[in-house]
Amino acid sequence: MNFKAFFELAKKKGITECQIFFSKSKSTKISLFHSEIDTYTISDTQSISALGIYKGKLGAGNTQKMGKDAFEFLVDQIILTATYREKEDKVGLYKGADHYVKRRTYNKELPLIPIEKKIEDLFALEKAIYAYDPRITDADNVTYTESESSSILENSHGLRLNSKSNYYYFLGGAVARDKEETKTYYDIHFDDDYKTFDVDRLTKKICDSALKKFGGAPCDSGKYPTVLHRDIAASLVGYFLSNVIADKVQRHSSFFEGKLHTKVASSKLTIEEKPLANTLFFSSFDDEGVPCRNKVIVKNGVLETFLYNRETAEKDGVETTANGSWGGSKWSTTIGPIFVKGGKKSFEEMIAPIKRGVYITEIAGLGTGMNASSGDFSCQAEGYMIEEGKLTSPLNLITLSGNLFKMFNEIKEFDNNCKMNDSGTAIGDLYIKSLNIGGK
Amino acid sequence: MLSKNLAIKVLNAALSTGGDYAEIYVEQKRVSSIMLENGKVETVGGSLTFGAGIRILKGFGSVYGYTSDLSPKSMLDLASKLAASFQGERAIEVTSIKKMKVKTINPIEDSLMDVSEEKKIAYLKECYLATKEVDDRLVRIIDAFTNYRTDIELFNAEGPEARFYTNFEERGRLTMTSFAMGENNNLQTAFAGPGRFGGWKYFTETLDYKKKAREIGEKAIMLLSAKECPSGKYPVVIGNGWGGVLFHEACGHPLEASSTARGLSVFSDSIGKQIASPIVSAYDDGTIANEWGSNNLDSEGVPTKKVELIKDGICTGFLVDRSNGRRINMEPSGCARRQNYRFPPTSRMSNTYIAAGKDNPEDIIKDTKLGIYVVDFGGGSVEPTTGEFNFSASEAYIIRDGKVCEPVKGCTLIGTGQEILMNIDRVGNDLALGQGMCGAASGSIPVDVGQPTIRLKEITVGGRGGKLE
């Protein structure tokens with residue numbers, strides 16, 4: 001798509017610098033219910049997001065309606081929104097860099113595999129879930145999704161960058177019933193390489209996890225040595241890192257204000273952001289067009305850097321960390337793939353010394369149960385008791401609560417079971433000295 | 001947005017392989033938003049959402065596609081691609097289109113789309129000052145106003161004469177967030193978000209916005225001294241208005257046909273059975289004039305209704321959309337909703353509430369010896385298949401000897417919908433509604449939750465404060 005007319009119109013109307021994000025995406029989603037295709041959804045959409053500097057202030061607009069009026073609408077929106085903003089823009093737009101790291105982010109083979117083969121595999125997954133155990137009465141939400149998107153970032157300084165990516169996932173859930181009890185478990189296989197999908201492996205994971213929950217009951221309320229499954233550890237690290245965003249620090253809403261280069265966590269915690277690593281979450285540049293780079297955020301418990309875009313970096317007198325993200329009407333900050341340093345022991349070795357503790361495998365309600373600024377959290381949880389170093393009875397309908405920052409200071413250890421999850425965090429299971437469990 | 005001729009062609013392409021229902025949903029949505037931080041304009045935003053979704057049903061099967069390109073080629077291509085996923089002979093040939101009457105139950109006299117940015121900014125500055133005046137420890141205050149107008153065209157066909165509906169949604173929402181900083185980086189926040197399917201007068205004349213703004217300042221300051229919430233099983237009194245989010249999550253979602261029709265809800269076979277304490281009656285009512293969750297018409301062209309869900313503890317109804325209704329032989333109840341054209345519609349709540357009972361709220365507190373009073377929630381979630389839910393309180397106090405005592409923070413309530421409905425032992429006479437956004441399969445949509453003050457005999461409370469004594 002050619003944006004020359006947009007840049008010309010913007011210039012004519014007094015917009016001194018401007019940038020366009022054009023994105024195109026296509027997706028297919030197929031869900032089964034009782035051995036029939038239940039929903040089949042296809043999509044093909046485009047959108048343009050534009051921003052510009054007008055009389056020294058930043059303005060913006062977004063549209064999904066293409067055609068001759070689109071550019072005029074965007075230019076008018078930039079002028080309108082800039083006019084009312086009370087803050088001057090101090091950084092302007094990025095002029096570009098000499099070098100950008102490139103990687104393959106689009107798997108050409110994925111769209112070539114016929115959709116019939118993917119549907120066949122989806123039916124196989126549903127069938128396998130039903131056949132796994134007589135107590136599994138329903139396969140729920142058995143879904144295949146494939147998506148591809150491409151985008152162009154272009155600005156009035158002549159910077160033009162492209163990206164294109166695709167992925168697929170299989171999702172499935174098992175509903176297991178035994179007497180009065182109903183248990184559910186859902187899991188996902190997410191990749192861009194179709195060859196990595198294995199029906200049996202995903203089925204086993206889903207079904208075993210649902211069946212293991214039978215007999216779950218609350219334990220006594222109290223403080224317990226607590227091991228968190230790596231997916232839960234990953235979401236807690238996410239909240240921890242939301243406080244590292246410079247914008248939040250500058251607005252006095254971060255727990256880490258005034259704590260740069262000080263010890264903020266146990267020396268067992270080392271966190272790196274690696275946007276350039278070979279993962280599905282690879283980024284060559286941020287939304288401002290600045291080349292991404294890998295960085296250590298927390299090293300042995302010491303906070304090494306805040307995360308910046310160009311605007312917040314200017315305020316602190318430092319270089320951007322290339323974490324800029326366009327929020328639709330203003331610049332914000334994003335975090336790329338995270339790697340948390342693992343420990344040396346296996347899961348079994350790590351829990352062996354625990355006489356009486358809990359292993360939390362699932363949580364719900366952390367989104368509203370977390371005060372990300374103070375770090376206080378409380379949420380619904382389930383998992384298993386740990387007794388004499390072994391997993392024993394299942395736990396259900398308990399609450400998990402604590403303080404995020406205190407918790408990261410009380411890390412006993414991570415195990416060596418580090419795996420990148422679907423939201424881009426590679427982390428092991430995490431053993432915390434003690435957390436509060438609410439139950440009986 | 002779409003000509004009748006093209007609509008007929010697209011519907012016929014969609015029905016070419018034996019589909020028994022086809023629908024085109026065309027949408028244009030203009031959004032305007034303003035956000036102030038500490039009284040200064042931080043962002044002003046505008047966007048245009050535009051596109052169409054095509055859906056075909058054949059028996060229990062459903063296909064859906066959407067595009068932002070409304071050219072005849074793109075629309076016909078999409079319809080043909082979708083039709084190709086069914087195999088069969090055409091059963092319906094659309095030959096004409098009838099324009100349907102849509103009753104306006106949400107009249108707008110003073111459209112928010114006509115209110116200037118200056119006026120909205122001045123209004124938000126008044127909100128900011130009202131909060132700021134409360135206490136110097138309020139370090140950050142965010143005030144925002146977002147409003148939108150969506151124009152919708154819906155064509156659907158089950159026979160040779162297709163139906164054509166036009167509808168609109170026009171809503172505004174004021175959101176206010178305060179941050180109070182105490183000692184040792186103890187940062188507490190409070191939030192209020194009144195919303196309306198309506199015009200500017202509601203926000204400037206009906207709503208006591210300055211009072212709301214003061215309240216979020218006071219609440220954040222109050223939380224600075226709140227102690228950790230205890231954990232264990234206790235009687236819990238839940239305040240009116242937003243307290244209804246508990247019913248919304250724990251019982252409303254499991255009563256949606258998207259769960260019940262598939263045997264995947266704890267309430268799947270519950271019609272005619274007792275599922276709640278006999279003092280509980282509950283409704284979902286999309287017809288309350290100008291309420292945030294109301295609508296003239298649902299997303300499938302069915303007029304919205306007041307649906308009785310529970311009468312004196314007996315389950316009397318589900319929320320039914322067209323597709324899931326086929327599985328349980330139930331007529332659509334006007335509750336099919338979607339965030340935008342990118343989502344196929346499904347059964348969703350609108351304004352859902354527990355009806356008023358007989359008790360004075362003061363008496364409910366007075367009759368509670370030791371327990372917790374939850375005034376407000378941050379939100380929660382539910383797994384409809386098991387009925388397990390969680391909620392986090394954003395304002396809660398300990399009740400001792402019938403009196404509201406010290407505030408507590410970090411309070412989560414968990415349980416199952418089945419158990420909690422039976423456990424309601426007092427229902428107040430002070431029904432009120434509160435506004436929020438609800439996320440589910442068909443996206444994020446505006447809903448009202450509501451209830452009078454109620455008491456739960458016993459529920460699991462999670463916090464860090466140890467046993468309640």
Side-chain angles (χ1 to χ4, degrees), chain A residues 33 36-47 59-66 73 77 80-81 84-87 138 140 175 182-184 218 221 251-253 255 257 328-330 364-365 367-369 371 373-374 376-380 397-403 436-440, chain B residues 33 37 40-51 60-69 78 81-82 85 117 121 139-140 179 181 185-189 231-233 262-264 342 344 378-381 383 385-386 388 390-392 409-412 414-415 460-464 467:
Chain A
F33 182 68
E36 281 184 28
I37 292 183
D38 177 39
T39 57
Y40 193 128
T41 307
I42 52 179
S43 74
D44 190 349
T45 56
Q46 304 180 13
S47 70
N62 305 284
T63 185
Q64 294 169 0
K65 195 172 184 176
M66 303 297 135
F73 171 79
Q77 280 293 319
L80 175 83
T81 54
Y84 291 105
R85 189 177 287 229
E86 290 181 54
K87 210 165 94 181
D138 280 291
D140 183 31
V175 180
T182 301
K183 301 292 167 193
T184 57
S221 299
R251 290 173 201 268
H252 312 293
S253 304
F255 191 78
E257 187 174 352
S329 56
K330 64 171 191 168
T368 51
N371 176 337
S373 309
S374 69
D376 292 325
F377 68 88
S378 179
C379 62
Q380 180 189 340
L397 280 179
I398 54 173
T399 61
L400 172 74
S401 53
N403 179 282
N436 297 276
I437 301 296
K440 278 192 275 189
Chain B
S33 62
E37 176 152 350
K40 282 205 153 184
V41 179
E42 177 80 13
T43 58
V44 180
S47 67
L48 187 67
T49 304
F50 181 75
F60 293 159
S62 160
V63 293
Y64 190 73
Y66 58 89
T67 176
S68 53
D69 179 359
L78 178 61
K81 259 193 214 168
L82 290 169
S85 55
E117 266 70 14
I121 291 167
V139 289
R140 188 179 179 197
F179 296 76
M181 179 68 87
N185 280 12
N186 175 18
L187 191 67
Q188 297 294 333
T189 70
S231 63
K233 283 195 165 190
R262 291 155 189 261
L264 292 173
R342 294 177 180 229
S381 64
E383 159 65 292
T385 310
T386 59
E388 290 173 6
N390 64 80
F391 298 91
S392 57
K409 62 179 177 183
C411 171
T412 295
I414 60 165
T460 302
V461 179
R464 293 195 286 145
K467 280 251 176 286

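Side-chain atoms are counted along with the backbone in the values below, which use heavy atoms only and exclude waters and symmetry mates. First the proteins, then the strands, lettered A, B, ... as listed; each starts at 1.
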Sort out for me which of [options] touches chain B most, counting heavy-atom pairs under 4.5 Å.
options                      : result
A:G365, A:G438, A:G369       : A:G365
A:Q77, A:R85, A:K330         : A:R85
A:D140, A:N436, A:I437       : A:N436
A:A60, A:A364, A:G61, A:G328 : A:A364
A:S221, A:P218, A:G59        : A:S221
A:T182, A:D44, A:L80         : A:D44

[X] and [Y]: which non-hydrogen atoms are nearest, and at how many Å?
X      : Y      : value
B:L82  : A:Y40  : CD2-O, 4.3 Å
A:S329 : B:G45  : CB-CA, 4.2 Å
A:S378 : B:C411 : OG-C, 4.4 Å
A:S47  : A:M66  : CA-CE, 3.5 Å
B:T412 : A:C379 : OG1-N, 3.7 Å
A:Q380 : B:N390 : OE1-ND2, 2.9 Å

So what's closer than 4.5 Å to chain B heavy atoms on [X]: side chain, backbone, both or neither?
X      : answer
A:K65  : both
A:Q46  : both
A:L397 : both
A:F33  : side chain
A:N62  : both
A:I398 : backbone
A:D38  : both

Between [X] and chain A, which part of the residue has a heavy atom less than 4.5 Å away: side chain, backbone, both or neither?
X      : value
B:T460 : side chain
B:Y66  : both
B:R464 : both
B:R262 : both
B:T67  : both

Any donor-acceptor pair under 3.5 Å linking the side-chain atoms of A:T184 with those of B:T386?
no
Under a 4.5 Å cutoff for heavy-atom pairs, which residue among [options] has the most contacts with chain A?
options                       : result
B:K467, B:K81, B:R140, B:Q188 : B:R140
B:L264, B:N186, B:I121        : B:L264
B:S231, B:G46, B:S381, B:G65  : B:G46

So, the side chain of [X] versus the backbone of [Y]: is there a donor-acceptor pair under 3.5 Å, distance only?
X      : Y      : result
B:S68  : A:T45  : no
A:T368 : B:G378 : no
A:N371 : B:G410 : no

Kindly indicate whether the side chain of B:L78, heavy atoms from C-beta on, has any atom under 4.5 Å from the side chain of A:I42.
yes
Atom CD of A:E86 with >12 non-hydrogen neighbours under 6.0 angstrom
yes
Is A:R251 salt-bridged to B:E42, cutoff N-O under 4.0 Å?
yes
